[in-house]
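Worth saying up front: this structure is predicted, and the values here are computed from it rather than measured. A note on names: the letters A, B, ... follow the listed sequences, proteins ahead of strands, and every chain is numbered from 1.
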Amino acid sequence: MSELSKAYEPGLVEDKWYAWWQERGLFHADPASPKPGYSIVIPPPNVTGVLTLGHVLNNTIQDILARHARQTGHEVLWLPGTDHAGIATQTVVERKLRKEEKMTRHDLGREEFLKRVWEWKEKHGGIIIRQLKKLGCSCDWQRERFTMDEAYARKVQEVFVDLHAKGLIYRGKRMVNWCPVSLTALSDEEVIPKPQKGYLYHFRVELVERPGTFLEVATTRPETIMGDTAVAVNPKDPRYVGLIGLHVRRPLPVEDQAILPIVGDDAVEFAFGTGVLKVTPAHDKTDYEIGLRHKLPVIDILNPDGTMNELAGEDFAGLDRFEARVEAVDKLRELGILVKEEPHENHVGFSERADVPVEPRLSEQWFLKYPKTAEARAAVRDHLIRFFPDRWEKVFDHWLENIQDWCISRQLWWGHRIPVWTKKCSVLSSQCSGPDPAENRTLKTESPDEVRCQVESPGDGWVQDSDVLDTWFSSWLWAHETMEPAALAKFYPTSALVTGPDIIFFWVARMIMAGLEYTGEVPFRSVYFTGIIRDRQGRKMSKSLGNSPDPLDLIAKYGADGLRFGLLRIAPQGQDIKFDEQQIVEGRNFCNKLWNACRFRLMQGAVDPAADPTQHELSIFASDLLAKLDATIRRVNDGYEAFRFSDIAQALYDFVWGDFCDRFIEASKADFESPRRAGTLATMDFVILRILKLLHPYTPFLTEELWNGLGFGSQSLMEVAWPEPCTSPVAPGPRAEAAYAAASHARNLRATYNIPSNKRIAWKISPSADWVEQEFPTLALFLCAESLTVCDSAPAGAAACPTDIGILYLPLEGIVDASGEAKRLEAEIAKVEAEIEKVARKLASESFVNNAPPAVVADHRQRQQDWMRRLIELQTARDSLAGG
RNA sequence: GCGCGGUUAGCUCAGUGGUAGAGCACUGCCUUGACACGGCAGGGGUCACAGGUUCGAACCCUGUAUCGCGCACCA
């Protein structure tokens, strides 16, 4: 390539390089490699999923780690895949079925329905995988896994059998979170408490033993009165102490006003409501426990879909639970026992998937008593696994400390079937029973059948449990069951896990326990928790708000690299990110800036990949740049050490844009027709080569295009070694700093007099050091000088600008009268005097001089001297102006 | 209720005890030999508030306010 286009056009090169990387097998991990291993398993996105900005952030970080590891000499495995996502996927296919064929899954039957889900998966699933490729993700696609792959699925079932044999998995009738829309049980983690504005209804119940005497009960759920089997008070509550053991009459249903006992239970808060609690063991967790303690009967008045059943009475049967609430309040009012309705805000658990209130429901489910909880806590506490940021350690520990058994069965069809078999076929076949899976379970528990827990069917006459497992019960094996023995030996435990803090319990914690239980090792060494991406108002990105930009649109507009770099630059460790498209614009601009810097270099001739600046006598600017490159490499390496991705991006941004483009390239423009040419070009090539390497993890497409286009090598950047922090061959440059600063002062002066920045000026200077004259060509360029000449004393009618390289004089003839300059100088003198006063006050303080570290005091003294010198220069300038 | 995190320039955010920073936005000048997706210069901040520790606090401590996020069986 001899010429580059004027602007970087990502769309023209991205696909080309991605294909090239894949052809060369650069993403593929070889377990037999002699190189040290580095591994990451992808948090498997839902097979139904499409790429979101959250995915972009998460996967870009993983790609950065993977590419950086390759460059630092590791054999890298980044293992990709997708998750079968039980509820989400089943829902998608059911919706399609209803829409296109007006059928439910029950119309098709289990086997046929599952066939349809697989068809859907093959046709529409895994869009996100193609999108990850557009983003540039360097996953080992030969190893793409799916949580329902045959081998993986078998492992999931084997783990179930194993944990069952160990007595950690058991079946029991418990209070679970029931989703009336998905018609399945959920784990506690899938329930999101949301504040709800409702009412607290007060109603009276009559004491059976004392007719005419009433107790006042407060409830938010009057629709469950029909399921009440007691009324409870706190035994320590003086208001009700004599009433325990007496009875009240339940008002609903009106045709069956049962007699309920009054029980005493410590769970009742007497500060809440009236201190009298209605006890509904079938529909509330606390009530259920009270029921157990007092051996109360359980009346289940709800159908699985959240409608009332016949036990609720003829007025309610068939009503939805929320309609029933209105109806119940009406009935209480009709009966004249409704005392008041007061507005009340409380938290109600919502189903994460279906976004409807979950129903606490007594049902037969499979539960897991977590293995290796103590070991998991220790692993994080003792830093066998490090969390970044580390504050999540506390959250993790707190969860494990209070951990509850995990409800792992789901009343779905799509997922890993529970490997439990029952002998007795006549009424149990799920194919021939009613449409409600919950009903099936009831039948099972009632039959005294023989039960076996094993993967394969024990033979004819055995029927498998109709439930499937929670999706997370398969993903918790992801870190090790995705690898064959050779890969495990090389790449396990994995090096890092990158994920959002929202799945710390769902996934991270459980994977640690599974890893410890089944490999005897932690599954990963480091966990990096990303922030959550929000919109400019700080709201979470969501489909319904329409505030979630499509990353593919952003890639089309700004390039994958622009998106990656722009996003990463604003993603500080562990903080949520307020997304603004402007940030991506800046990422794109940065890519273009580097592109043009390289374009400029190419205009001076071909690059030398082996350029070695130490072979040349270097300008002060070149030495300075090399020193800054060295500092940047260190900053970047430190960033990788600490997972500070935005720091790395910022360090590279500052170096490329500020140090390299704004300063060095501008300074270099005076060198091309001078003896400095060779040294300057060598420095430029040396630095560009390293910039491309350092930047490659963040902007892989751009850097690969430039690497190859400029002729640095025929290998991929991924295969070439990461730059070492070289101790700079020449000491860092105070002279260059002084020259840059002087240019800045001079331009400021020019601006003060409204002199257009392109007007050529006949500058004069009285230099402060010998070396300054050697830099006249570069300085003249900086100053946009018509000429730059030395003068011994201040010329008449000129504005003076004291700098570290000497006093610069700007001729003012024909531009402005000298009185204006006098004013300007006076103003500047006043400013400097104020600074001197500030430092002097500090140094006059004995306590400061006596107590502060000597270095700090010395620093202040130095500063005072600098200001004094500047003051004298300014005063001299003023006096000479007045004299001249 | 308990815990965690945030509060610094108009906006988004860096900044772990010693002169308050960056990018964007804004103002002015500039299409100068890569880049207007650009260059140069400039204006703009009682570091949420109140106490405390210290010679010295954006930074450490205590409390308050406020926003966000977890956890929690007040129905």
Side-chain angles (χ1 to χ4, degrees), chain A residues 4 6-8 175 193 200 217-221 224 232 267-273 275-280 284-290 344 346-347 360 389 391-392 394-395 398-399 402 501-502 504-505 532 534 536 538 540 558 562 569-570 572 574-580 582-583 585-604 646-647 650 653-654 657-658 661-662 665-666 669 672 743-744 747-752 754-760 781-782 784 835 838-839 842 845-853 855-857 859-860 863 867:
Chain A
L4 299 182
K6 202 171 167 185
Y8 173 53
M175 211 59 173
L200 192 59
V217 184
T219 181
T220 55
R221 298 202 63 190
T224 62
V268 182
E269 298 277 337
F270 41 93
F272 188 88
V276 184
L277 170 69
K278 68 185 219 36
V279 183
T280 324
D284 185 275
K285 202 172 171 222
T286 309
D287 291 9
Y288 177 66
E289 284 157 14
I290 294 173
H344 178 69
N346 64 347
H347 287 256
R391 63 188 153 85
W392 293 107
K394 218 169 168 177
V395 177
H398 184 252
W399 183 71
N402 301 294
D502 48 336
I504 184 169
F505 308 138
I532 310 245
R534 302 175 175 281
R536 290 203 61 173
K540 249 180 155 164
Y558 307 112
R569 202 159 72 94
I570 55 157
Q575 294 298 332
D576 287 358
I577 295 142
K578 283 194 188 160
F579 180 79
D580 184 351
Q582 181 58 36
Q583 312 288 356
V585 172
E586 285 171 38
R588 187 265 320 253
N589 294 356
F590 176 71
C591 291
N592 190 54
K593 187 73 181 177
L594 178 63
W595 176 264
N596 274 287
C598 292
R599 179 165 171 250
F600 174 77
R601 169 61 191 86
L602 218 48
M603 287 173 170
Q604 319 306 326
S646 59
D647 285 4
Q650 194 58 45
Y653 186 95
D654 290 345
W657 204 307
C661 293
D662 288 348
I665 287 187
E666 291 310 317
K669 287 176 180 172
F672 296 122
S744 196
R747 291 176 189 134
N748 181 337
L749 192 65
R750 188 195 266 275
T752 306
N754 295 320
I755 302 168
S757 43
N758 63 344
K759 177 157 171 63
R760 306 253 156 208
L781 206 74
F782 283 163
C784 190
E835 290 295 335
K838 226 162 81 181
V839 183
K842 191 118 194 206
S845 152
E846 268 181 51
S847 51
F848 171 69
V849 177
N850 294 336
N851 294 308
V856 174
V857 178
D859 192 55
H860 276 73
R863 209 184 307 152
W867 282 119

Would you indicate what [X] reaches in the nucleic acid, counting non-hydrogen atoms under 4.0 angstrom: base, sugar-phosphate, or nothing?
| X | answer |
| --- | --- |
| R534(A) | sugar-phosphate |
| V268(A) | base |
| R569(A) | sugar-phosphate |

Base-pairing mate for [N] - Watson-Crick or G-U, with both contacts under 3.5 Å:
| N | answer |
| --- | --- |
| A34(B) | none |
| G3(B) | C69(B) |
| A75(B) | none |
| C13(B) | G21(B) |
| C59(B) | none |

Mind telling me whether W595(A) and Y8(A) have parallel, tilted or perpendicular rings, with 30° and 60° as the class edges? tilted
Does K669(A) make a cation-pi contact with F600(A), if we ask for NZ or CZ under 6.0 Å from the ring centre and within 45° of the axis? yes
Rounding to an integer number of Å, can you tell me how far [X] [atom1] sits from [N] [atom2]?
| X | N | atom1 | atom2 | value |
| --- | --- | --- | --- | --- |
| Q582(A) | U12(B) | CD | P | 13 Å |
| W657(A) | G39(B) | CH2 | P | 5 Å |
| N402(A) | G3(B) | CG | P | 14 Å |
| N596(A) | A36(B) | CG | P | 7 Å |

Between [M] and [N], how far apart are the [atom1] atoms? Round to whole Å, please.
| N | M | atom1 | answer |
| --- | --- | --- | --- |
| U16(B) | A58(B) | C1' | 11 Å |
| A41(B) | G23(B) | P | 11 Å |
| G45(B) | C55(B) | C1' | 26 Å |
| G15(B) | A34(B) | P | 37 Å |

Are R747(A) and F782(A) close enough that some pair of their side-chain heavy atoms sits under 4.5 Å apart? yes
Where the side chain of R750(A) meets the backbone of P756(A), is there a donor-acceptor pair that is under 3.5 Å apart? yes
Donor-acceptor pair, N596(A) side chain versus A7(A) backbone, under 3.5 Å? no
[N] phosphate, OP1 or OP2, under 4.0 Å from [X] side-chain N/O:
| X | N | value |
| --- | --- | --- |
| K285(A) | C73(B) | no |
| N851(A) | U54(B) | no |
| N758(A) | U31(B) | yes |

